[in-house]
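Let me begin by presenting the structure, written as structure tokens, before commenting on it.
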Amino acid sequence: MPTYAYACKDCSHAFEIQQSFSDNSLSVCPECSGNLRKKFNSVGVVFKGSGFYRTDSRDTKSTSTVPAAGKSESPASAPAAAPAPAAAAPAAS
């Protein structure tokens with residue numbers, strides 16, 4: 001059964017209690033009969049081993065299509081520069 005933490009809004013009394021999932025939440029403080037609120041804690045899950053991180057499923061080689069900074073493309077793989085279009089002569093009117 002899970003353990004739930006409660007705190008009283010009126011007297012600040014805090015306690016933990018084991019309740020079933022089907023049980024209703026507590027709403028009355030056992031100390032002062034004030035209003036209770038359920039406290040939420042972090043989940044106790046730890047991911048160990050491989051396969052849980054972004055880098056685990058990638059190859060050691062870079063799959064990026066953009067060349068890295070500082071590296072230049074070789075002339076054989078670089079596209080040839082297209083010549084600039086010739087300027088058209090203004091038509092006489």
Side-chain angles (χ1 to χ4, degrees):
M1 276 199 287
T3 302
Y4 294 102
Y6 289 93
C8 180
K9 293 180 182 179
D10 299 331
C11 70
S12 301
H13 173 68
F15 63 97
E16 293 180 348
I17 188 168
Q18 286 187 346
Q19 291 180 298
S20 174
F21 288 111
S22 60
D23 291 346
N24 291 330
S25 296
L26 299 179
S27 59
V28 179
C29 177
E31 296 286 321
C32 71
S33 299
N35 293 326
L36 285 179
R37 67 177 174 89
K38 190 182 282 189
K39 294 170 54 175
F40 294 99
N41 297 325
S42 61
V43 179
V45 176
V46 177
F47 296 104
K48 293 184 177 182
S50 63
F52 295 106
Y53 298 98
R54 180 177 159 177
T55 57
D56 286 346
S57 63
R58 296 186 178 186
D59 291 339
T60 56
K61 296 184 288 183
S62 175
T63 59
S64 176
T65 58
V66 178
K71 293 183 179 179
S72 62
E73 293 183 358
S74 64
S77 66
S93 32

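Keep in mind that the numbers below use all heavy atoms, side chains included, and drop hydrogens, waters and symmetry copies.
Residue T3 comes nearest to Q18 through the heavy atom pair OG1-CG, 3.5 Å, listed as atom of the first residue, atom of the second, then distance. The two atoms that bring S20 and M1 nearest to each other are N-SD, 3.6 Å, heavy atoms only. Shown here for L26 and Y6, the closest heavy-atom pair between the two residues is N-OH, 3.2 Å. Of all heavy-atom pairs between D10 and C32, the closest is CB-SG, 4.3 Å.
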Stepwise side chain to side chain contact (heavy atoms under 4.5 Å, CB included) test for L36 and S27: CA-CA 5 Å; L36 285 179; S27 59; 5.6 Å; no
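Put simply, SG on C11 and CD on E31 are 6.5 Å apart, with the number rounded to the nearest 0.5 Å. Separating the OH atom in Y4 from the CG atom in D23 is a distance of 8.5 Å, to the nearest 0.5 Å. Considering SG of C29 and CG of N35, their distance stands at 9.5 Å, rounded to 0.5 Å.
Remark: side-chain polar atoms of Q19 are paired, donor with acceptor, to backbone N or O of N24 under 3.5 angstrom.
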